[in-house]
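Quick note: numbers below take in every heavy atom, side chains included, and nothing from hydrogens, waters or symmetry partners.
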Amino acid sequence: MEKILTCAQMRAADKYTIETLGVPSETLMERAGEAIADAAERVLKARGGRALAVCGGGNNGGDGYVAARLLCERGYVAEVYELCEKFSEDCAAQRDKFTGLTHTSFPKGEYTVVIDAIFGTGFRSVPEGKFAEVIAAINAGGAYVIAADIPSGLNGDTGTAQLCVHADETVTIGEKKFGLYLESGADVCGRVVRADIGISLPPAGYAARFSSADLADVFLPKKKNSNKGSYGRAGLFAGSVAYSGAALLSAGAALRAGAGYTRLFCPESVFPHYIGKFPEIILTAVPDEGGFARFDENAVRAVCENCDALAVGMGSGAGRGLYDCIAYMLSEFKGTLVLDADALNALAAYGADVLREKSCRVVLTPHLKEFSRLAGVSLEEVKAGGVALAEKFAAEYGVTLLLKSNACIATNGRNTALVAEGTPALARGGSGDVLSGIVCALAARGVTALRACICGAHLLGRAGALAEKESNEYSVTASDVMNKIPVAISELIEAGRRA
């Protein structure tokens, strides 16, 4: 498991190390610059040529000056392009130590390596003027670009950027930050390398990113003295005449993720079409109207009584009937209720406050647009809010939230995890339906809501990557991903054996 920090947490750790533990800031900057120089040296040793450190006036710029000086001391040609006239105290000290060639305008020569040390994680604006020009020049230059801590212009918390450096490698200092994985961060950071420079973390709650070995205990060897009842009853309340496939994808994923029983509750009018699609599924018809489930207390009570975990909304249509079913489930169900897709849209349309009073554990699995509707904010505000907005919503409503994007945030408002196992191959209709089925099956087996979300998102990402490996990122379908769930689970089991 590795820690993922917000920029504020990283600054607090830096301050704690300097002021409480007494480690000089100059020492930390020297170590950071050394890590960046090491990365640059690997490229120069293989390709030859020279390096250019593009330095701003803050401590990020100071890291760049150190890297350039160390490269010169090691016998390489390293130059500096100096962007600023004012410098932080530590940056000024390192600038004075650099005796190599310094440019005050962007040099036109060819460089094998460019070190981006313009802005650090504190930058929250849009690069303008000469800063915008030099970022554009770096991106167009063709050199191997190494970002010091974070690509300049990228928001370190949210991964958003209007203009930023596109790095081939990012040497992130101390701990990894959310912005390296969210939104544009996944596309502009390149290879991410963590440089441990001796920054100590004060006691606090930090988000985590889990490895396969960390999640292996979700799939411990089955006891010989067990039966189907030992592994939980997963229920899928899903499907409609308009979106019949979503229910099958969720149910198929639940089967493959290890639930002892898998039940599919579908509208009466589509029931005949589902017969025999998965012989292992217990198929039950529920009253409908126009091909969409309607509220019938007896029917919904039976659903609640026959499941340990229940996933609702996949291809259901976001009508009032579904909303009334959800409201009853929230009141009467005693297991884990996973609300996805149209269940989320129904909550947004008819009122999310129903989530405040509930008898069950609740998991919400929205993508960014669904979350914007649910939270009543714009999509831009969701992206800008990052992990803080997700944590606030989860805490306010007392739910576990799995916010889906190119990387997923899982949080119950107290504990948070980042899952960055995804692949662009998952950018296809039906991927979310597969995920809801996995999460439901894990929760039915008794896995806690947060861990079910973390492990479910991890398995989806790995299954997507495995499917892409056999095909390509354009041709993978949700069914392909569903069929790779067993292999992804096998990876977890094998990682546990090796640990």
Side-chain angles (χ1 to χ4, degrees), residues 235-251 263-274 283-307 309-379 393 396-399 401-402 404 429-430 432-433 436-437 440:
L236 297 307
F237 192 91
S240 66
V241 292
Y243 305 103
S244 59
L248 295 175
L249 289 169
S250 289
R263 308 180 71 104
L264 174 56
F265 302 92
C266 64
E268 290 174 328
S269 57
V270 298
F271 177 86
H273 303 290
Y274 287 162
L283 191 60
T284 303
V286 296
D288 73 350
E289 183 175 346
F292 297 90
R294 64 176 175 83
F295 177 66
D296 179 281
E297 183 172 350
N298 291 332
V300 180
R301 182 188 303 114
V303 171
C304 293
E305 291 174 349
N306 283 283
C307 300
L310 182 59
V312 180
M314 298 73 68
S316 298
R320 181 75 200 200
L322 179 64
Y323 181 79
D324 290 341
C325 292
I326 294 168
Y328 183 89
M329 292 168 182
L330 287 166
S331 174
E332 302 299 325
F333 186 47
K334 305 303 179 184
T336 300
L337 184 62
V338 181
L339 301 179
D340 183 37
D342 283 330
L344 302 169
N345 294 329
L347 287 172
Y350 298 103
D353 279 349
V354 71
L355 292 169
R356 297 183 186 278
E357 298 294 332
K358 49 191 174 292
S359 63
C360 55
R361 296 171 294 278
V362 174
V363 172
L364 308 180
T365 60
H367 56 59
L368 298 184
K369 188 61 179 177
E370 288 167 340
F371 185 57
S372 75
R373 290 192 287 262
L374 194 61
V377 299
S378 69
L379 182 59
F393 185 94
E396 180 180 350
Y397 286 94
V399 301
L401 181 70
L402 179 57
K404 302 178 295 191
D433 304 315
S436 63
C440 183

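The closest side-chain heavy-atom distance from Met329 to Cys360 is not below 4.5 Å. Residues Leu337 and Val363 have side chains not in contact (no heavy-atom distance under 4.5 Å, counting atoms from C-beta outward). Residues Leu283 and Cys266 meet the side-chain proximity criterion, which asks for heavy atoms closer than 4.5 Å. The shortest side-chain heavy-atom distance between Leu374 and Leu364 falls under the 4.5 Å cut-off. You'll find the side chain of Val399 stays beyond 4.5 Å of the side chain of Arg361, heavy atoms only.
Under a 3.5 Å cut-off, the side chain of Ser359 and the backbone N or O of Lys334 do not form any donor-acceptor pair. Judged by distance alone, the side chain of Lys404 and the main-chain N or O of Thr365 form a donor-acceptor pair under 3.5 Å.
Residues satisfying the salt bridge (charged side-chain N to carboxylate O under 4.0 Å, His left out) criterion with Arg356, sequence neighbours excluded, are Asp353, Glu396. For Asn345, the side-chain contact (heavy atoms from CB on, under 4.5 Å) test picks out Ala318, Asp342, Glu370, Arg373, with sequence neighbours left out.
Scanning all heavy atoms of the two residues, the minimum distance from Ala343 to Val312 falls at CB-O, 3.3 Å. Contact between Val286 and Ala293 at its shortest, heavy atoms only, is CG2-CB, 4.3 Å. The shortest non-hydrogen separation linking Leu264 to Ala247 is CD1-CB, 3.9 Å. Considering every non-hydrogen atom in both Asn306 and Arg263, the closest pair reads O-CD, 3.5 Å. Here the closest non-hydrogen pair linking Phe237 and Cys325 is CZ-SG, 4.0 Å. When all heavy atoms of Ala309 and Cys440 are compared, the pair lying nearest together is CB-O, 3.4 Å.
To the nearest 0.5 Å, atom CD of residue Glu332 and atom CD of residue Glu297 are 7.5 Å apart. Taken from CE in Met314 to CG in Leu339, the straight-line distance is 9.5 Å, to the nearest 0.5 Å. Atom CZ of Phe265 is separated from atom OG1 of Thr284 by 5.0 Å, given to the nearest 0.5 angstrom. From Arg294, atom CZ reaches atom CD of Glu268 across 7.0 Å, with rounding to the nearest 0.5 Å.
Asp433 and Ser250 are not linked by any side-chain donor-acceptor pair at a separation below 3.5 angstrom, with hydrogens and angles left out of the test.
Residues Phe393 and Phe371 bring their aromatic ring centres within 6.0 Å.
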Please evaluate residues His273 and Ser244 with respect to the criterion side-chain contact (heavy atoms from CB on, under 4.5 Å), reporting the C-alpha separation (whole Å), side-chain torsions for both, the decisive distance (0.1 Å), and the verdict. CA-CA 9 Å; His273 303 290; Ser244 59; over 6 Å; no
Is there a side-chain contact (heavy atoms from CB on, under 4.5 Å) between Leu379 and Leu368 once you walk through the steps? CA-CA 7 Å; Leu379 182 59; Leu368 298 184; 3.7 Å; yes
Practice problem: Check the pair Leu330, Glu357 against side-chain contact (heavy atoms from CB on, under 4.5 Å), reporting the backbone distance first and the verdict last. | Solution: CA-CA 7 Å; Leu330 287 166; Glu357 298 294 332; over 6 Å; no
Evaluate side-chain contact (heavy atoms from CB on, under 4.5 Å) for Leu310 paired with Leu236, printing each intermediate quantity in order. CA-CA 6 Å; Leu310 182 59; Leu236 297 307; over 6 Å; no
Let's go through Ser240 and Ser316 carefully: what are the C-alpha distance in whole Å and the side-chain angles of both, what is the deciding distance for side-chain hydrogen bond (donor to acceptor under 3.5 Å, both in side chains) to 0.1 Å, and is it a yes or a no? CA-CA 5 Å; Ser240 66; Ser316 298; over 6 Å; no
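The only option from Phe292, Phe295, Tyr350, Tyr328 that meets the ring-ring contact (aromatic ring centres under 6.0 Å, His included) definition with Tyr323 turns out to be Tyr350.
In this structure, Asp296 does not pair ionically with Arg301, as no charged nitrogen and carboxylate oxygen lie closer than 4.0 Å.
More than 12 heavy atoms of other residues, nucleotides or ligands shown are found within 6.0 angstrom of OH on Tyr397.
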